[in-house]
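Fair warning: this is a prediction, and the values are worked out from it, not measured in the lab. Chain A is the first sequence line, chain B the second, and so forth, proteins listed ahead of strands; every chain is numbered from 1.
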Amino acid sequence: MSIRARIDALFPRLASEQQFPTQGQTIFVDLERQEVRRAWIPHRVVTQLLGGRGVNMFLLHNLLDEALEPIHPEVPLIFGTGILTSMVPSASRGNVTSWSPESRVLMDSNAGDYFPSFMKLNGIDHLVLYGKAPKWTLLHFEGDQPKFVDAAPFMGLDNIDLRAKIANDFSGVEGKDYGLAAITTAGENLVLCSGIMAGPKAIYARGGPGAKMGALNLKAVLIQGRSADLSTARPHKLRNRDVAVKLLNTSVVKNALKKRGTPFLYKPSRMLGAMGTKNNQETTWTDKLDAENIDPYRPGMEGCFACPVNCRPLNDMSVLGESGVGSRESETPAVDHVAATPDTRQPTPIPDKYVKGDGPEYVTLGKFGPNVGITEVTQVLRLNNICNDLGLDTASTGSAISWAMELYQRGMITREQTQIDLEWGNYETIERLLFMTAKREGFGDVIADSSQAVATGKYPRESLDYLMAVKGLTQSDPHDARILKAFALGLAVATRGMDHLRNRVTLEINAKINDSPDFKAELYGGPVSAEPNSYEGKETAVRRCENIYAVGDSVGMCRFTTKLFNSPSLPGYEEFADQVANVTGIELTNEAIDHIGLNVMGVERLINAKLGITRADDTLPKRWFEEAIGVGPYKGEKIDRGEFDKMLSRFYAISNLTEEGVPKPEWREELEGVLTA
Amino acid sequence: MLQTESRVTVRLPEPLREGRGDVITMNATSLGDIIAELDLADDRDELFNFAVNGDLVLHGEKDVALKYGDEVEIVVAFAGG
Ligand code: SF4
């Protein structure tokens with residue numbers, strides 16, 4: 001059935017008018033025919049899946065034709081904004097959903113900055129994009145009215161220049177006047193590790209959204225104005241004040257997130273002996289990359305739309321003149337990009353536009369530090385700035401490079417094939433490779449295939465033994481989870497692949513919580529072993545985290561500020577339920593809202609099942625079962641296959657899933673009722 | 001004599017320094033002594049973890065025994081990013 005026929009079939013089941021105050025439309029845009037249809041998500045779907053990620057799943061489940069290929073333009077690309085996005089502090093987020101061309105399972109990626117908020121501010125809750133535009137297009141919404149603009153003047157531009165040109169051509173300031181989601185040359189070239197940039201750094205990163213958007217011939221979506229009537233069902237600002245106070249009084253926000261951002265995690269991971277190093281062959285690395293060593297290069301912090309936390313560190317290497325681009329004159333970069341000097345391990349001394357930027361996050365620090373053998377802060381900062389400009393997902397790109405480096409180390413690929421020296425820590429190669437990847441040039445074409453490089457015939461089959469991926473998606477963060485069994489289970493069962501942001505029980509590293517069994521049991525809804533490397537009860541903690549994070553994504557709350565991710569004291573169900581009631585008038589109990597989290601996972605598992613995913617895919621990279629950690633307090637630790645399998649079965653049992661990992665028949669029927677009634 | 005035998009150095013993160021500098025020495029035979037001395041007990045929201053001689057401690061914190069010359073570091077163990 002074609003996408004148009006699927007939409008025709010879906011339409012009678014959608015609502016023809018707004019269902020609650022502040023609800024935005026779901027807009028279906030046929031890029032090929034330049035046609036637009038509008039509807040509203042029915043109340044009964046909202047009460048089961050809320051909005052954002054949850055409702056995106058409803059739409060994908062209805063519109064996905066698994067007989068196609070993920071990159072096919074009739075597989076839709078769906079942007080969604082949370083039900084509270086832009087209206088509650090730190091609810092600045094939204095998701096983009098499709099079938100991933102990178103992993104070939106569910107694609108679902110979250111971003112902040114401004115784009116999701118500008119969707120909501122203009123009355124657009126979901127944007128379903130499909131069909132290949134006859135020529136490269138910029139979709140320009142003035143309010144909720146789209147225009148199909150010829151994107152020719154913007155083609156070939158990467159993030160920095162593209163955003164500057166759009167600000168100039170559309171006379172506005174991003175974040176104040178408009179939100180922009182755009183692809184770079186990497187997306188134009190269908191690079192599988194490319195994302196959709198939602199700001200200078202914010203990126204819908206995981207699963208190849210950049211390639212998916214590129215396949216539609218869609219360069220950018222620009223949403224300009226603040227046209228929606230966002231009058232709430234009941235006053236909500238007073239409660240917003242409580243939420244903001246709660247956020248800002250949480251120790252981790254005060255002491256870490258607001259001051260240095262996520263690079264803080266590098267040090268504890270390193271000290272635990274759990275810092276993924278050289279494609280996880282090793283697990284500890286230099287203290288030179290500890291967050292405090294980035295301090296001298298941090299001129300300030302940035303934040304997403306109306307978020308009081310401002311957790312995103314900026315970087316400016318020109319201040320110390322030792323940036324690798326070392327000049328105070330770099331305020332106005334003399335040149336666009338100067339390649340690293342080939343015969344040293346140092347970047348060029350000539351200033352260019354990568355002397356400053358936004359970031360890094362811990363993920364980038366790990367993936368472009370230890371994982372590829374880099375030890376210098378300035379080199380990591382520069383690679384971070386280049387990835388932001390090229391629109392490359394640092395998790396997937398860093399993982400693809402470290403995979404290649406290990407294959408090179410093992411002689412499974414040779415210099416003859418690569419034409420470049422892939423030795424660990426070779427900064428010059430890594431920098432060059434990023435540009436080659438964005439253009440699919442030389443060996444960059446192999447990196448651009450990310451985890452699919454075996455399927456596309458570029459690596460031998462045995463290479464898969466060294467791919468640090470689950471369900472085709474490489475690990476999102478650098479933490480080696482052989483020690484913390486809850487982390488390991490989360491990575492195995494995450495519906496989008498090996499990703500920590502779906503269900504990580506991050507508080508497993510908090511000794512005070514581990515040493516308070518009653519408090520811990522209350523937090524997760526059941527007993528969970530105090531010992532991080534034990535398998536006991538870890539399924540309970542993962543289940544609770546998966547539910548609350550799915551709810552967070554559906555209301556639009558940032559993961560960093562959602563209860564359980566960074567602290568037990570951050571806003572959670574209580575605040576979400578109160579503000580959903582105040583904003584929309586929809587009353588939900590804490591139990592009901594928790595069940596919504598479960599529903600979102602259930603629908604995601606139904607989608608993955610259609611794509612052929614089974615229990616066998618809820619697993620971990622071979623290395624973690626077979627090779628033990630070699631350093632630190634947990635030396636000798638690895639994943640025991642038998643114990644892991646039992647933990648997985650327990651996880652399925654408490655998740656209302658069959659032994660194959662899909663919703664049990666009764667619940668499945670219930671979910672299908674919501675999805676197809 | 002006992003006092004000298006239990007002398008350890010403690011490296012403090014910025015939020016806990018309170019004018020004390022970044023490294024202090026104290027008498028402690030277990031991490032529990034340091035927790036009591038710095039008044040860190042029972043605040044589960046504070047994500048401060050201990051590392052003893054470079055190894056991070058994830059549970060059983062109060063009972064971790066210390067000996068003369070041990071180097072303890074308190075790390076802001078920001079959880080996820
Ligand atoms: S906490 Fe940070 S990433 Fe999250 S919404 Fe706020 S500024 Fe954005």
Query - Distance in Å, B:His59 NE2 paired with A:Ser516 OG, rounded so as to fall on 0.5 Å steps - result: 13.5 Å
Requested in this report: Kindly determine whether B:Glu14 and A:Arg260 satisfy side chain to side chain contact (heavy atoms under 4.5 Å, CB included), including the steps that lead there.
Outcome: CA-CA 12 Å; B:Glu14 210 177 281; A:Arg260 285 186 172 135; 3.6 Å; yes
Query raised in the report: Do B:Leu58 and A:Tyr634 have side chains that get closer than 4.5 Å, going by heavy atoms?
Result: yes
Query raised in the report: Near A:Lys563 NZ, under 6.0 Å, is it more than 12 heavy atoms from other residues, nucleotides or ligands?
Result: no
**Report entry** B:Phe48/A:Asn255 under side chain to side chain contact (heavy atoms under 4.5 Å, CB included): CA gap, chis, key distance, verdict
**Finding:** CA-CA 10 Å; B:Phe48 296 122; A:Asn255 294 319; 4.2 Å; yes
Requested in this report: Test B:Asp55 against A:Met271 for side chain to side chain contact (heavy atoms under 4.5 Å, CB included), laying out the working first.
Outcome: CA-CA 5 Å; B:Asp55 285 348; A:Met271 289 177 136; over 6 Å; no
Query raised in the report: Nearest heavy-atom pair of B:Leu56 and A:Pro268: which atoms, and what distance?
Result: CD2-O, 3.4 Å
Query raised in the report: What part of A:Leu484 lies closer than 4.5 angstrom to a heavy atom of chain B: side chain, backbone, both or neither?
Result: side chain
**Report entry** Distance, nearest 0.5 Å, that separates CG of A:Asn514 from CG of B:Asn49
**Finding:** 8.5 Å
Query raised in the report: More than 12 non-hydrogen atoms from neighbouring residues, nucleotides or ligands closer than 6.0 Å to CD on A:Glu522, yes or no?
Result: no
